[in-house]
Number of protein chains: 2
Amino acid sequence: MGITKTDLFTENQNEVAMLAKAIAHPARVAIIEYLLKVNACICNDIVNELPLAQPTISQHLKELKNAGIIKGNIEGNAICYCINEPVFSKIQGLFGAVLPTNNKCC
Amino acid sequence: MGITKTDLFTENQNEVAMLAKAIAHPARVAIIEYLLKVNACICNDIVNELPLAQPTISQHLKELKNAGIIKGNIEGNAICYCINEPVFSKIQGLFGAVLPTNNKCC
DNA sequence: TTTTTATATTGCAATATTACGATATAGATT
DNA sequence: AATCTATATCGTAATATTGCAATATAAAAA
């Protein structure tokens, strides 16, 4: 198959999986880290920053944008990208704020 | 291609991506949620809990185990799974503890 | 020892992802 | 207008993922 049965899971489970998938590639992690570091909108810089071809980076940016993690603003003939705060905060909440477990076995 | 160029990125970027990938499927999110809920080692229950065939779940469990997120203990003829605390805490740290951004543009 | 129970492995089909060259688009510059 | 610059899209090859039936394995129960 190769197709995920999203209809069998809750909306929340699918959302967490979708957001995790967007982060599940080192190039996209690098893009997020870079945007967090410069803490501003960045245009062509990303292509020069990463060791991948321009179409490949464009594709990764699209996936991050589709997941809502970043957003792009048209600035002349360039497009400036930055972190989309609300979604990014949501991710921090989803993965960061889980109850401390106390395994009784294992 | 279809192959990720891990050698082009830092160890940390690859690790974050690897952990995110392990979470990037609703079935695996459901397994993690269930293990956190019952807060103990669970054996066959997972197969009955999820709407997927046994081999499929076995495969997802294997991926979570490979990522270090869960661990399995042999208990007679059954195997009991539970959250692997150190790695799970690491995930919470990685995704949860990021500086608050203050976008100047967009 | 045969059978049952719990889980893993194999093999395979359907689909998704990754990467990039070639090309398109669109605003800026000359 | 012609060219340059920045980015997106298309097409395609290589590889990875998802899902499951069939089968294997191994301990428990009968």
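Chain naming here is simple, since letters A, B, ... match the order of the sequence lines and numbering starts at 1 in each.
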In whole angstrom, give the distance that lies between atom CD1 of A/Ile46 and atom C1' of D/dA6. 12 Å
Residues A/Thr56, A/Leu50; criterion side-chain contact (heavy atoms from CB on, under 4.5 Å); working and verdict: CA-CA 10 Å; A/Thr56 307; A/Leu50 298 192; over 6 Å; no
Using atom CG of B/Leu61 as one end and atom C1' of D/dC20 as the other, report the distance to the nearest whole Å. 16 Å
Determine yes or no for a side-chain-to-main-chain donor-acceptor pair under 3.5 angstrom, with A/Ser89 supplying the side chain and A/Glu85 the backbone. yes
Hey, is the main chain of A/Lys21 close enough, under 3.5 Å, to the side chain of A/Arg28 for a donor-acceptor pair? yes
How is B/Ser58 classified with respect to the nucleic acid when contacts are heavy atoms under 4.0 Å: base, sugar-phosphate, or nothing? base
Any N/O donor-acceptor pair, A/Gln54 side-chain to D/dA8 base, under 3.5 Å: yes
Considering just the side-chain nitrogens and oxygens of A/Thr56, establish if one lies under 4.0 Å of OP1 or OP2 belonging to C/dT18. no
Within the structure shown, what part of the strands sits under 4.0 Å from A/Glu63 by heavy-atom distance: base, sugar-phosphate, or nothing? sugar-phosphate
Spell out, as yes or no, whether a donor-acceptor pair under 3.5 Å connects the side chain of B/Asn84 to the backbone of B/Gly68. yes
Using whole Å, report how far NE2 of B/His25 lies from P of D/dA16. 18 Å
Atom-to-atom span, CG of A/Asn73 to P of D/dA6 - whole angstrom: 18 Å
When you get a sec, tell me which of C/dA16, C/dT18, D/dT5 is the closest nucleotide to the side chain of A/Ile3? C/dA16
What is the distance, to the nearest angstrom, from the CD1 atom on A/Ile31 to the P atom on D/dT7? 12 Å
Any side-chain N or O of A/His60 less than 4.0 Å from the OP1 or OP2 oxygen of C/dT17? no
Give the ring-plane orientation class for B/His25 versus A/Phe9, where under 30° counts as parallel, over 60° as perpendicular and anything between as tilted. perpendicular
Phosphate-side-chain proximity, A/Lys21 and D/dT17, N/O vs OP1/OP2 below 4.0 Å: no
How long is the line joining CG of B/Asn77 and P of D/dA27, in whole Å? 9 Å
What does A/Ile57 touch in the nucleic acid at a heavy-atom separation under 4.0 angstrom: a base, only the sugar-phosphate, or nothing? nothing
Would you say D/dC20 has OP1 or OP2 under 4.0 Å from some side-chain N or O of A/Lys5? yes
Please report the distance, rounded to the nearest Å, between NZ in A/Lys62 and P in C/dA19. 16 Å
Distance below 4.0 Å between A/Tyr81 side-chain N/O and D/dA8 OP1 or OP2: yes
How close or far is atom P of D/dA6 from atom CG of A/Asp45, stated in whole angstroms? 10 Å
